[in-house]
Amino acid sequence: ECNEGQVWEMALSAAHHKVNHLIAFVDYNHKQLDGNTEDILNMGDIRAKFEAFGWYAQEIDGNDVEQIYDGIERAKKQTGSRPSVMGMQTVKGKGVKWIEEMRLNHHITITREQADSAIRELGTQEV
């Protein structure tokens, strides 16, 4: 969605109006419907872009719940009159190897058997 101009209009407006109670989350999984973002429209450094717009910006592992929690706490504590954003580097299908490894997994349909297999795989992982 960060390829859309309205996202950057919002970013500029939120900073201009000093919306300091806003925490935005950008799921940056590097995938689009038809390929990798780097091949279609490279977003580059999301954190630097939001910082240039006047935001308090962080980059975290979006597949790590503790990092998400800590990022929210840091955003709440940041001082000033600016909005916050967390650029969350994520892996689509995290925890299910065959989905993680798919090149085009932005939207997929899976069978009941594949769903059952994925649930079993997720159930064997340590938390």
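Values below: every heavy atom of this structure, side chains too, minus hydrogens, waters and symmetry copies. If you read the sequence from its start, that first residue is 1, and numbering goes on from there.
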Within-4.5 Å side-chain heavy-atom neighbours: [X] and [Y]:
| X | Y | answer |
| --- | --- | --- |
| L12 | H16 | no |
| V91 | N29 | no |
| M88 | I68 | yes |

Query raised in the report: Shortest non-hydrogen contact from P83 to G54?
Result: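 For P83 versus G54, the nearest heavy atoms are CD-O, 4.4 Å.
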
Query - Which atom of N3 lies closest to which atom of Q32, heavy atoms considered - result: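 Taking every non-hydrogen atom into account, OD1-OE1, 2.6 Å.
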
Ignoring hydrogens and angles, write down the donor-acceptor pairs under 3.5 Å from the side chains of residues 46-53, residues two or more places apart or on other chains.
unit_1: R47; atom_1: NE; unit_2: E51; atom_2: OE2; d: 3.3
unit_1: R47; atom_1: NE; unit_2: A57; atom_2: O; d: 3.1
unit_1: R47; atom_1: NH2; unit_2: A57; atom_2: O; d: 3.3
unit_1: K49; atom_1: NZ; unit_2: M43; atom_2: O; d: 2.8

Going hydrophobic residue to hydrophobic residue with side-chain gaps under 4.5 angstrom, can you get from [X] over to [Y]?
| X | Y | answer |
| --- | --- | --- |
| V19 | V26 | yes |
| I40 | Y28 | no |
| I23 | V85 | no |

With sequence neighbours left out, what residues match [X] under side chain to side chain donor-acceptor pair (under 3.5 Å)?
| X | answer |
| --- | --- |
| E121 | none |
| H30 | E38, Q89 |
| E101 | K97 |

How long is the straight-line distance from [atom2] of [Y] back to [atom1] of [X], given to the nearest 0.5 Å?
| X | Y | atom1 | atom2 | value |
| --- | --- | --- | --- | --- |
| Y69 | I60 | OH | CD1 | 13.5 Å |
| I72 | F25 | CD1 | CZ | 4.0 Å |
| T90 | D27 | OG1 | CG | 3.5 Å |
| W8 | C2 | CH2 | SG | 5.0 Å |
| K94 | L122 | NZ | CG | 11.0 Å |
| K76 | E73 | NZ | CD | 4.5 Å |

Query - Partners meeting side chain to side chain contact (heavy atoms under 4.5 Å, CB included) with Q114 (sequence neighbours left out) - result: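 Side chain to side chain contact (heavy atoms under 4.5 Å, CB included) list for Q114, sorted by chain: W98, I110, T111.
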
Query raised in the report: Residues two or more places apart in sequence or in another chain: which of them pass side chain to side chain contact (heavy atoms under 4.5 Å, CB included) with D39?
Result: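 With neighbours one apart ignored, the set is N36.
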
Query raised in the report: Hey, is CD on E66 packed in by over 12 heavy atoms from elsewhere, all under 6.0 Å?
Result: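 Incorrect, the count does not exceed 12.
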
Any donor-acceptor pair under 3.5 Å linking the side chain of [X] with the backbone of [Y]?
| X | Y | value |
| --- | --- | --- |
| Q58 | M86 | no |
| S117 | E113 | no |
| W55 | A11 | yes |

Requested in this report: Taking only Lys NZ, Arg NE, NH1 and NH2, and the carboxylate oxygens of Asp or Glu, determine whether R74 and D70 approach each other closer than 4.0 Å.
Outcome: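 Looking at R74 and D70, the cut-off is not met.
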
